[in-house]
Number of protein chains: 2
Amino acid sequence: MTLIQLRYLVAIFDAGLNITQAAEHVHATQPGLSKQLKQLEDELGFQLFARKGKSLSAITPAGRQVIERARIILAEARNIRALAANLRGDDKGELTIATTHTQARFVLPHAIVALKQRYPEVDVHLKPLGDAQIMGLFERGQADLALISTTGAAPDEGLSVPLFRWRRVVVVPNGHRLAALQHPLALSDLANETLVSYESSLRAESSLRRAFAAAGIVPRFSCTSRDADLIKTYVRAGLGVGVFADMAFTAEDANDLRLIGGGGLFPECTTWLVLRRDRVLRGYAAALAELIAPQLDQRDLQRALVGEEPEHWPQPPYWSELQAKIAVKRA
Amino acid sequence: MTLIQLRYLVAIFDAGLNITQAAEHVHATQPGLSKQLKQLEDELGFQLFARKGKSLSAITPAGRQVIERARIILAEARNIRALAANLRGDDKGELTIATTHTQARFVLPHAIVALKQRYPEVDVHLKPLGDAQIMGLFERGQADLALISTTGAAPDEGLSVPLFRWRRVVVVPNGHRLAALQHPLALSDLANETLVSYESSLRAESSLRRAFAAAGIVPRFSCTSRDADLIKTYVRAGLGVGVFADMAFTAEDANDLRLIGGGGLFPECTTWLVLRRDRVLRGYAAALAELIAPQLDQRDLQRALVGEEPEHWPQPPYWSELQAKIAVKRA
DNA sequence: CGCGTTTACGTCGTTCGTAACGATA
DNA sequence: TATCGTTACGAACGACGTAAACGCG
């Protein structure tokens with residue numbers, strides 16, 4: 001049994017039992033994989049895959065167990081290499097981030113630009129997804145880190161670090177009758193409006209719905225999306241009152257959209273950086289965290305990952321405060 | 001990086017940085033290890049060990065981290081091999097059991113004899129230790145399974161399976177004045193006696209001490225030991241009243257020792273089989289569990305380990321019941 | 001006949017053990 | 001001088017890629 005054999009094994013499995021395709025993934029030849037697989041099976045003394053004629057038709061139950069273990073082994077081998085790369089200051093690598101559209105579009109850009117400036121050799125892969133899918137991807141180990149927002153407690157998978165807090169804004173097109181409201185906006189003002197908001201607001205447990213429910217209102221959504229840009233577009237098109245993250249309301253939006261409230265209407269949200277405890281954090285990944293939320297210290301992050309730190313994080317600042325600081329820094 | 005390199009690395013570390021000694025452990029030559037270590041360091045790009053002249057003087061912090069990961073990798077590699085050995089019905093291997101003296105001396109013998117009969121090629125290593133050391137050894141991965149007793153809940157490390165329940169007995173030499181007691185033994189009868197019992201009874205949290213404390217008695221121990229045989233010896237020598245596990249009171253002991261009580265005086269104990277969730281259980285290990293406690297099913301054990309089972313175990317029988325069943329079976 | 005796997009074979013790199021050398025206490 | 005680690009070298013092994021054969025739809 002060698003690391004190479006295990007690597008080939010999972011490659012074959014992940015390629016859907018197509019050895020030729022797997023060979024491309026691992027930059028090797030097809031007969032090479034074929035032979036190594038056979039050798040591994042010979043050594044273990046049983047079939048990892050069921051054969052139908054010459055081609056692989058299915059994985060055996062035992063094979064599945066071996067692959068599970070092999071994944072752990074390969075992950076730890078990667079960890080050792082990552083450890084080494086960090087130590088020798090190797091600034092080359094990849095960074096896969098699972099997050100929501102809003103974070104990817106309005107929070108991450110400046111941080112990633114700064115990251116690429118400092119680490120030109122790092123390739124960043126963004127995976128904008130729905131909330132549930134983010135953690136799914138993350139748990140399957142297909143992302144190095146996740147950025148996710150909650151109203152209350154931290155996500156229960158992995159190590160969660162609070163980055164910043166934010167609030168929802170309520171937005172209408174210029175000229176909308178709510179734009180001329182004389183008193184501060186209340187939830188009751190929205191009782192008869194149709195709303196345009198995030199897809200996640202449709203879920204009964206969403207904090208938005210619960211806030212409305214507490215006020216005795218059942219909100220109507222004329223249009224929902226994961227994409228804050230789309231939400232703004234449909235607000236402009238007159239489909240209703242927009243409710244979305246304050247990060248997504250830009251200076252340009254102020255030209256034709258009117259921010260009519262948000263402050264205390266809905267519970268505040270926290271955006272968390274979620275890391276896998278079983279994965280070594282590359283230096284540039286820690287740097288990204290610091291670029292997003294400068295109150296964090298890379299070394300605290302690394303220490304928390306190995307469990308040396310009490311893992312207690314201070315209440316994070318509001319996004320607007322971070323935004324201001326970053327603007328100052330840039331000037 | 002290869003599995004061999006990682007194996008050599010931890011071997012060197014475990015041999016106290018003595019490469020020659022490590023080479024013997026892994027059945028290889030010293031120059032071989034030396035070279036592989038160098039190659040690994042070259043590939044990773046940093047020193048795993050600090051050198052003083054030519055010899056290794058200390059492990060670097062980075063080296064320590066690598067070794068941690070390497071241990072995981074090697075453990076999983078072993079798991080894969082164990083999986084394979086189980087599947088192909090390979091009945092050769094080792095079994096290291098961390099347990100108390102009482103279990104090793106009075107509970108395990110018949111089970112291990114039966115095991116060796118069924119699996120002659122399995123080498124059993126018993127590690128009789130104190131309670132705290134048992135779990136220490138187990139957590140360090142130096143034992144395949146632990147047998148440990150508690151009065152209440154299961155140990156919190158690993159997967160615990162209740163094997164049987166037992167009670168303490170109170171024993172005096174023939175002719176002792178307590179042997180002639182007219183009424184059933186009460187704790188108060190022991191108030192002015194010196195006791196001979198387990199070392200663990202000295203701890204303030206021990207269930208024995210707490211039972212005495214509840215009766216307003218502070219017990220005096222004239223002699224303590226982990227070894228029930230020693231306890232009996234000193235009871236015979238007249239050092240005091242013996243209190244120990246009923247498993248340790250044999251038919252032969254009844255010749256010169258008098259069992260004067262125990263039934264309800266002290267809380268009952270449960271003996272647990274503790275398994276590591278991250279370790280594949282060899283077939284013969286599961287068989288041993290079944291030999292000790294026939295109410296268990298090997299397959300339930302295996303399933304519980306992979307987390308498929310609700311992991312709820314029935315209240316185990318008393319040791320005396322098991323003992324009786326086994327006697328019947330043997331006849 | 002295309003697709004995918006296996007078998008055959010030659011090359012190259014690597015591991016391993018033996019033996020000699022070097023450093024240290 | 002004894003102990004321990006490194007270097008040198010030759011033999012054996014193993015991995016890899018190319019090319020050809022085989023099975024299946």
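Throughout, a chain's letter reflects where its sequence line sits, starting with A, and its residues are numbered from 1.
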Measure the distance from [atom1] on [X] to [atom2] on [N] and round it to the nearest whole Å.
X	N	atom1	atom2	answer
B:D42	C:dT14	CG	P	12 Å
B:L33	D:dT7	CG	P	15 Å
A:F49	C:dT5	CZ	P	11 Å
A:I4	C:dG13	CD1	P	15 Å
B:Q47	D:dG5	CD	P	15 Å
B:L37	D:dT7	CG	C1'	15 Å
B:R51	C:dT24	CZ	P	14 Å
B:K38	D:dA8	NZ	C1'	14 Å

Going by the rule side-chain contact (heavy atoms from CB on, under 4.5 Å), which residues pair with [X] if we only count those two or more places apart in sequence or in a different chain?
X	value
B:A111	B:L288, B:L291, B:I292
A:V26	A:R7, A:Y8, A:A11, A:A28, A:L33
B:E308	B:R303, B:V306
A:S160	A:A154, A:P155, A:W272, A:V274

message: Expected output is a numbered-order residue list: members of residues 16-29 of chain B with a heavy atom under 4.0 Å from any atom of DNA chain D. What is it?
response: B:L17, B:N18, B:I19, B:T20
message: Over the length of the helix from C:dC1-D:dG25 to C:dA25-D:dT1, how much do the five-pair end axes diverge, rounded to 10 degrees?
response: 30°
task: Would you mind telling me which of C:dT6, D:dG5, C:dC16 lies closest to the side-chain atoms of B:S55?
output: D:dG5
- prompt: Does the side chain of B:L95 reach to within under 4.5 Å of the side chain of B:Y119, using non-hydrogen atoms?
  reply: no
statement: Contacts satisfying side chain to side chain donor-acceptor pair (under 3.5 Å) that involve residues 20-40 of chain A (not counting sequence neighbours) are A:Q5-A:Q36
Using only side-chain N and O atoms of [X], determine if any of them is under 4.0 Å from OP1 or OP2 of [N].
X	N	answer
A:Q36	D:dA15	yes
B:Y8	C:dT15	no
A:K35	C:dT5	no

A:V161: which of A:D300, A:L301, A:L305 passes side-chain contact (heavy atoms from CB on, under 4.5 Å): A:L301
- prompt: Can you name the salt bridge (Lys or Arg N to Asp or Glu O under 4.0 Å) partners of A:D297, sequence neighbours left out?
  reply: A:R299
Listed pairs under 3.5 Å, donor-acceptor, residues 65-86 of chain B side chains, sequence neighbours left out:
from, atom 1, to, atom 2, distance (Å)
B:R69, NH1, A:E76, OE1, 3.1
B:R71, NH1, B:D14, OD2, 3.2
B:R71, NH2, B:D14, OD1, 2.8
B:E76, OE1, A:R69, NH1, 3.2
B:E76, OE1, B:N79, ND2, 3.2
B:N79, OD1, B:V280, N, 2.8
B:N79, ND2, B:D278, O, 2.8
B:N86, OD1, B:R282, NE, 3.0
B:N86, OD1, B:G283, N, 2.8
B:N86, ND2, B:L281, O, 2.7

Residue pairs involving residues 44-53 of chain B (criterion salt bridge (Lys or Arg N to Asp or Glu O under 4.0 Å); sequence neighbours excluded): B:E41-B:R51
query: Ion pair present between A:D90 and A:R88, side-chain N to carboxylate O less than 4.0 angstrom?
result: yes
Taking only distance into account, with no hydrogens and no angle test, what donor-acceptor pairs under 3.5 Å do side-chain atoms of residues 129-145 of chain A form with protein atoms, sequence neighbours excluded?
from, atom 1, to, atom 2, distance (Å)
A:D144, OD1, A:R279, NH1, 3.0
A:D144, OD2, A:T96, N, 2.8

- prompt: What string of B, S and - do you get for nucleotides 20-25 of chain D, 5' to 3', when a contact is any protein heavy atom under 4.0 Å?
  reply: --BS--
